[in-house]
Amino acid sequence: MHKSINLPILYFGTPVILISTLNEDGSTNIAPSSSIWWLGKSCMIGLDGSSKTTENLKRTRECVLNLASADMVEFVDRIANTTGSKSPPLHKKTLGYRYVPNKAEEAQLTTQSSLKVNSPRITECQIQLEASVDKIHAFSDAPIPMFAFELKIRHSHIEESLLMGDKKQYVDPDKWHPLIMSFRKFYTTNNYIHPSRLEKAPIEAYRIRSSKGITGKTVNAIISRLYKKYRQ
Ligand SMILES: Cc1cc2nc3c(=O)[nH]c(=O)nc-3n(C[C@H](O)[C@H](O)[C@H](O)COP(=O)(O)O)c2cc1C
């Protein structure tokens, strides 16, 4: 039987990322976040309007999405209740947040330079996605302003040991174990439970579907060629 209730939070389980952005003085800020989803070569992230990361993203229009794996839970948790904003807003103070100017040091993480953006990558993260801000959307009518940032992934760096395929071009889901936040607790993926019907199509068909500048007809033609090739 289902019960009708008003949930205080809707954290049903999403991957944790560490967003690295540049502060106005050129130093790096890092923020854990779990409001994220991907579609094609783009990604949407959701952030509290008072975050230092929101301020940095609006100003610099770029960041690195560093995906946290399960074994990074302690690094993430060290900076869970922190902000790069010198004066944390009241709602964060009430929740016990404090100002930390150097989150990399606080978390015991190290950084390395990126190729396409100025924000650095987090070395310890196995998946690092360099991104630029395409659009900024005001999100929901909550008392505290929130924003959804539509990001374009410009460059992906993947730890080699996660890769599979002849040319090592695909992430092996049996090796990639994202850190997942569900209702304020940390989990991960370990149990492979069932094959998926999506697996029947060649994976390259997904690359074509999300490519820009080609017509629907061409996409169909390429996908049917891929089907023939991989069905032989
Ligand atoms: C696991 C985890 C997930 C979080 N997810 C979000 C989120 O999706 N959106 C958000 O605005 N804050 C989220 N937070 C809180 C931010 O980390 C927090 O607002 C922080 O102060 C942002 O840092 P900044 O002010 O330096 O940008 C999350 C925190 C943790 C630990």
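Order of appearance sets the numbers: ligands from 1, and atoms from 1 within every ligand. The basis for the numbers below is simple: all heavy atoms, side chains too, and nothing from hydrogens, waters or symmetry mates.
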Item to check | Test item: T53 and N29 side chains (from C-beta on) under 4.5 Å apart, heavy atoms | outcome: yes
Checklist entry - For K92, is the nearest heavy atom under 4.0 Å from an atom of ligand 1? => result yes
Checklist entry - Backbone N or O of D48 within a donor-acceptor pair of the T54 side chain at under 3.5 Å? => result yes
Next on the checklist: With heavy-atom distances below 4.0 Å as the criterion, list the atoms of ligand 1 near A31.
Outcome noted: 22 (C), 23 (O), 27 (O)
Item to check | Heavy-atom nearest neighbour in the protein, as seen from atom 15 (C) of ligand 1, with distance rounded to 0.1 Å | outcome: Y97 OH, 3.5 Å
Checklist entry - Is there side-chain contact between F12 and L7, with heavy atoms separated by less than 4.5 Å? => result yes
Checklist entry - Are the side chain of D172 and the backbone of D174 linked by a donor-acceptor contact shorter than 3.5 Å? => result yes
Item to check | Those atoms of ligand 1 less than 4.0 Å from some heavy atom in G84 | outcome: 24 (P), 25 (O), 26 (O)
Item to check | Per-atom contacts of ligand 1 with K52, taking only distances under 4.0 Å to non-hydrogen atoms | outcome: 24 (P), 25 (O), 26 (O), 27 (O)
Checklist entry - Within a strict 4.5 Å, meaning less than it, do heavy atoms of the L95 and N81 side chains meet? => result no
Item to check | Protein contact to atom 13 (C) of ligand 1 [nearest heavy atom, distance to 0.1 Å] | outcome: P32 O, 3.8 Å
Next on the checklist: Suppose I only count heavy atoms of N29 and a 4.0 Å limit; which atoms of ligand 1 are within that range?
Outcome noted: 24 (P), 26 (O), 27 (O)
Checklist entry - Going only through I, L, V, M, F, W and Y residues with side-chain contacts under 4.5 Å, is there a path from F139 to V133? => result no
Item to check | Close-contact set for ligand 1 against K103 heavy atoms, below 4.0 Å | outcome: 23 (O), 24 (P), 26 (O)
Next on the checklist: I'd like to know if the side chain of T60 and the backbone of N56 have a donor-acceptor N/O pair within less than 3.5 Å.
Outcome noted: yes
Checklist entry - Looking at S33 and G46, what are the two nearest heavy atoms and their distance? => result OG-O, 3.9 Å
Checklist entry - Going by the atom numbers of ligand 1, which of them fall below 4.0 Å from some non-hydrogen atom of F186? => result 1 (C)
Next on the checklist: Which residue and atom name correspond to the protein heavy atom nearest atom 7 (C) of ligand 1, and how close is it?
Outcome noted: S33 OG, 3.2 Å
Checklist entry - Is the shortest side-chain N to carboxylate O distance from K103 to E106 below 4.0 Å? => result no
Checklist entry - Between E105 and R78, is there a salt bridge with N-O shorter than 4.0 Å? => result no
Item to check | Min side-chain heavy-atom separation I79-L18 under 4.5 Å | outcome: yes
Checklist entry - Among protein heavy atoms, which lies nearest atom 8 (O) of ligand 1, and at what distance? => result S35 OG, 2.5 Å
Checklist outcome for this item: protein heavy-atom neighbour closest to atom 27 (O) of ligand 1 works out as T53 OG1, 2.5 Å
Checklist entry - At what distance is the nearest protein heavy atom to atom 9 (N) of ligand 1, and which residue and atom is it? => result G46 O, 3.1 Å
Next on the checklist: Heavy-atom contact check, 4.0 Å cutoff: does M146 meet ligand 1?
Outcome noted: no
Next on the checklist: For atom 25 (O) of ligand 1, what's the nearest protein heavy-atom neighbour? Residue, atom name and distance, please.
Outcome noted: T83 OG1, 2.6 Å
Checklist entry - Which residue from A68, S34, S51, A80 reaches closest to atom 3 (C) of ligand 1 through any of its heavy atoms? => result S34
Next on the checklist: Under 4.0 Å, counting heavy atoms only: does T82 come that close to any atom of ligand 1?
Outcome noted: yes
Checklist entry - What is the closest protein heavy atom to atom 2 (C) of ligand 1, and at what distance does it sit? => result M181 SD, 3.9 Å
